[in-house]
Amino acid sequence: MKISKNQYLFILTLILGAYYLVIGIYLNHLGYYNQESIFYIEKTKIVFEGLGNRIKVMGLTSPLLPFYNTFLFSWIDSYLAPVIASAIGTAVLFYIIASTLTKRIEDNFYLYVLLLLFFLHPGLLYAACSGKSIYMVLTFFFLFFFNLLKFYRSNTTFHVSLASICLVILIFCDYKFIWLTLFFVPLVLAITVQSLNLGEKESIFRLFLSFNSPSLRRKLINKTFAIYIILFILPVASVICYKLLNLTHANDLNYFIESPYATWNVLVDKLNFDIATTSANYQLPELSIMVSVRVIYFCPLILVAIYLFRESTYQALTILTPFAFVEFLHIKYDKIFLTYEYYLIFLIMALLCLVFKAQTVKRQMVFKVILFIVVLIQLYTGYIFLSQSLITDEKRFISTLTTRKPNTDQEESMELADVINNLPKTSRVLMDDAVAYPVAAFTHDIQKLTLPYQDLFLSAIETPYRYDDYILIATPKNPFTGYTQLSSRYIPLIKIVNSGVNYQRVYETDNWILYRIVSTQ
């Protein structure tokens with residue numbers, strides 16, 4: 001029996017998914033965790049096993065959609081759920097790109113190139129095996145631009161509607177992509193001008209003709225406004241609704257992007273930047289004018305993509321939009337490094353351009369040789385970017401993968417969680433999971449912990465002896481000690497307020513001290 005092309009792609013996707021799972025589980029057993037996946041693990045444990053009002057945790061944890069994806073697999077293993085989600089999600093991304101490719105191009109060479117990238121590119125392995133939400137960002141980034149390019153060809157607003165839906169999902173995978181809409185505001189006019197049925201080919205002359213004809217001018221304005229509404233109204237409405245939800249339940253419109261209880265990267269991004277910039281070997285790699293150069297160095301394939309669309313100004317501008325986007329992010333978030341996912345979107349954009357234009361190249365043999373060489377270079381630069389990254393999670397991933405030695409980054413959190421796990425079952429531990437969420441994530445019984453999502457947390461801080469038996473304090477060496485009330489200053493202050501309470505050190509590490517409340521008056 002002959003296997004159809006769709007069945008063949010499905011089998012390849014299953015093999016790729018299994019490959020990612022094996023690597024991800026292996027790295028997990030070596031002790032590799034990143035801050036994002038640990039944050040999801042802890043919040044998932046709260047939702048399913050915690051005590052008290054968990055609605056705010058479930059509805060306002062951000063990024064929302066990647067967090068929900070971990071729910072689907074937490075019944076298998078709560079610690080592997082993020083890894084399983086990212087492995088399956090990246091395999092699905094491959095299937096989406098591969099099925100789109102094979103429908104448009106008969107030549108299997110391009111499918112093999114795609115397979116080579118998904119099997120060996122360090123960035124795609126990082127997206128698939130780390131448990132981070134990069135796979136969702138890449139998937140809906142691809143679908144957003146795919147539907148825009150389909151609209152350019154068909155001039156059917158249905159594709160703009162699909163692009164709008166993909167943009168909404170993209171924003172709820174990473175809120176920074178809301179700024180991508182800024183660069184489509186002027187581009188929509190160019191898209192509308194190009195969609196008008198005019199004999200003139202050059203965009204500037206088409207615009208001149210449109211403004212000098214009353215009927216064409218009216219048609220241009222109406223169509224431009226309609227595309228703005230279709231493309232932007234759903235993302236804007238969704239964000240407004242979500243902000244109102246935050247205001248209702250947290251009394252803060254921006255709780256989901258500013259609170260360390262709602263999102264993992266508020267403190268982690270600051271810490272990565274502070275550690276890197278205070279290092280003796282630090283060299284600033286992201287000067288504003290150099291970001292686009294770094295993108296090209298990371299993804300030389302994007303130059304091939306731009307070349308393929310060189311004859312269409314507005315399509316070329318669409319491809320260049322992510323360059324403006326990352327430059328803007330670097331300027332706006334000048335105290336935060338651009339993470340690996342913002343470079344990976346250019347690889348996905350380049351693959352999308354190949355899907356649309358690779359078959360139009362006349363000298364296919366020369367093009368294939370150039371493409372293969374560029375892909376090999378890209379595999380190398382992808383490794384260099386990870387191995388030389390200033391972000392700890394990214395560097396640890398590639399070093400753990402290549403050396404296959406145990407990763408000890410979370411050893412302290414696991415050690416402290418083991419101490420808490422061995423406490424009597426009725427014990428209660430006061431803990432601030434804004435900074436101690438790794439410890440909470442590795443604690444087997446989350447019900448032992450008194451955490452900020454619970455209504456009694458503020459009362460427990462004021463009078464801990466009434467609610468808890470132990471208190472977890474951040475030491476002065478802890479890099480997050482300035483972001484929590486439960487710091488080294490807490491015990492002296494609480495002794496002044498409650499002089500009849502004594503505190504005994506039970507366990508101490510470099511970053512944490514576990515105190516036991518031993519007596520009260």
Side-chain angles (χ1 to χ4, degrees), residues 31-43 45-46 258-280 282 335-337 390-396 407-423 427-443 446 448-453 457-458 460-462 464 468-496 503-517:
Y32 172 78
Y33 290 91
N34 58 73
Q35 298 297 329
E36 182 178 359
S37 62
I38 292 175
F39 188 81
Y40 294 154
I41 290 167
E42 193 247 354
K43 298 305 178 187
K45 287 170 81 73
I46 288 174
E258 294 180 352
S259 172
Y261 299 112
T263 183
W264 64 275
N265 53 20
V266 172
L267 299 182
V268 173
D269 286 347
K270 291 178 182 177
L271 178 64
N272 283 326
F273 188 85
D274 291 344
I275 290 175
T277 51
T278 55
S279 171
Y282 175 68
K335 299 298 183 184
I336 295 174
F337 292 123
L390 294 171
I391 298 173
T392 304
D393 286 343
E394 296 177 357
K395 186 182 291 185
R396 289 290 189 271
N407 184 280
T408 58
D409 286 354
Q410 297 303 323
E411 193 173 71
E412 185 182 25
S413 297
M414 292 179 180
E415 179 184 337
L416 200 54
D418 282 340
V419 173
I420 295 172
N421 291 334
N422 291 321
L423 294 177
S427 299
R428 300 282 299 178
V429 182
L430 180 63
M431 183 186 300
D432 184 1
D433 66 346
V435 297
Y437 62 87
V439 179
F442 294 115
T443 301
I446 203 80
K448 276 185 176 181
L449 310 180
T450 300
L451 298 172
Y453 78 92
F457 180 75
L458 292 178
I461 283 184
E462 293 175 359
D468 296 286
D469 307 293
Y470 297 86
I471 305 173
L472 184 64
I473 297 294
T475 68
K477 291 182 180 180
N478 192 312
F480 293 127
T481 191
Y483 299 98
T484 177
Q485 288 180 282
L486 300 179
S487 65
S488 57
R489 296 187 296 271
Y490 175 76
I491 296 295
L493 288 173
I494 205 69
K495 281 183 177 179
I496 295 172
Y503 301 90
Q504 179 184 1
R505 295 190 182 201
V506 175
Y507 199 83
E508 185 173 352
T509 65
D510 289 341
N511 293 312
W512 303 102
I513 301 174
L514 184 65
Y515 285 93
R516 181 162 65 97
I517 303 171

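Note that the structure is predicted; figures quoted are calculated from it, not measured. Here, residue 1 is the first one in the sequence, and each next residue gets the next number.
- Under the 4.5 Å side-chain criterion, counting only non-hydrogen atoms from C-beta, I513 is not in contact with I491.
- Annotation: the span from Y507 atom OH to L472 atom CG amounts to 12.5 Å, rounded to 0.5 Å.
- For the pair P479 and N511, the minimum side-chain heavy-atom distance is below 4.5 Å.
- To the nearest 0.5 angstrom, Y453 atom OH is 9.0 Å from D433 atom CG.
- Nearest heavy atoms, M431 versus A436: CG-CB, 3.6 Å.
- Residues V266 and S259 share a closest heavy-atom pair of CG2-O, 3.9 Å.
- At least one side-chain heavy atom of L430 sits less than 4.5 Å from a side-chain heavy atom of F457.
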(request) Decide side-chain contact (heavy atoms from CB on, under 4.5 Å) for D469 and I517; before the verdict, give the C-alpha distance in whole Å, the side-chain angles of both, and the deciding distance to 0.1 Å. (result) CA-CA 5 Å; D469 307 293; I517 303 171; 5.9 Å; no

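- Shown here for Q35 and P438, the closest heavy-atom pair between the two residues is OE1-CG, 4.2 Å.
- Considering OG1 of T443 and CG of D418, their distance stands at 9.0 Å, rounded to 0.5 Å.
- Annotation: side chain of I420 is in contact with side chain of L449 (closest heavy-atom distance under 4.5 Å).
- Note that NZ of K270 is 10.5 Å distant from CZ of F480, once rounded to the nearest 0.5 Å.
- Minimum interatomic distance between T450 and A460 (heavy atoms only, all atoms of both residues): CG2-CB, 4.1 Å.
- Considering Y261, Y437, Y33 in turn, Y437 is the only one that fulfils the ring-ring contact (aromatic ring centres under 6.0 Å, His included) rule with F39.
- Heavy atoms only, all atoms of each residue included: D432 and P452 are closest at OD1-CG, 3.5 Å.
- Remark: side-chain polar atoms of T509 are paired, donor with acceptor, to backbone N or O of W512 under 3.5 angstrom.
- Looking at D468 and V429, their side chains never come closer than 4.5 Å, going by heavy atoms from C-beta outward.
- Distance check, rounded to the nearest 0.5 Å: CG of N421 to NZ of K448 gives 6.0 Å.
- The side-chain heavy atoms of E412 and L416, taken from C-beta on, include no pair separated by under 4.5 Å.
- Of all heavy-atom pairs spanning L267 and A434, the tightest one is CD1-O, 3.8 Å.
- Here the side chains of I494 and Y503 are in contact, with some heavy-atom distance below 4.5 Å.
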(request) Check step by step if side-chain contact (heavy atoms from CB on, under 4.5 Å) holds for Q504 and Y515. (result) CA-CA 5 Å; Q504 179 184 1; Y515 285 93; over 6 Å; no

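- Between P476 and T481 there is no side-chain heavy-atom pair separated by less than 4.5 Å.
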(message) Run the side-chain contact (heavy atoms from CB on, under 4.5 Å) test on T475 and D510 for me, step by step, so that the C-alpha distance in whole Å, both residues' side-chain angles and the decisive distance to 0.1 Å come before the verdict.
(response) CA-CA 7 Å; T475 68; D510 289 341; 5.9 Å; no

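- Heavy-atom neighbours of Q485 CD from other residues, nucleotides or ligands within 6.0 Å: at or below the threshold of 12.
- Rounding to the nearest 0.5 Å places OG1 of T392 at 11.5 Å from CG of N34.
- Within 6.0 Å of atom CD in E411, 12 or fewer heavy atoms from other residues, nucleotides or ligands are found, so the atom counts as exposed in its surroundings.
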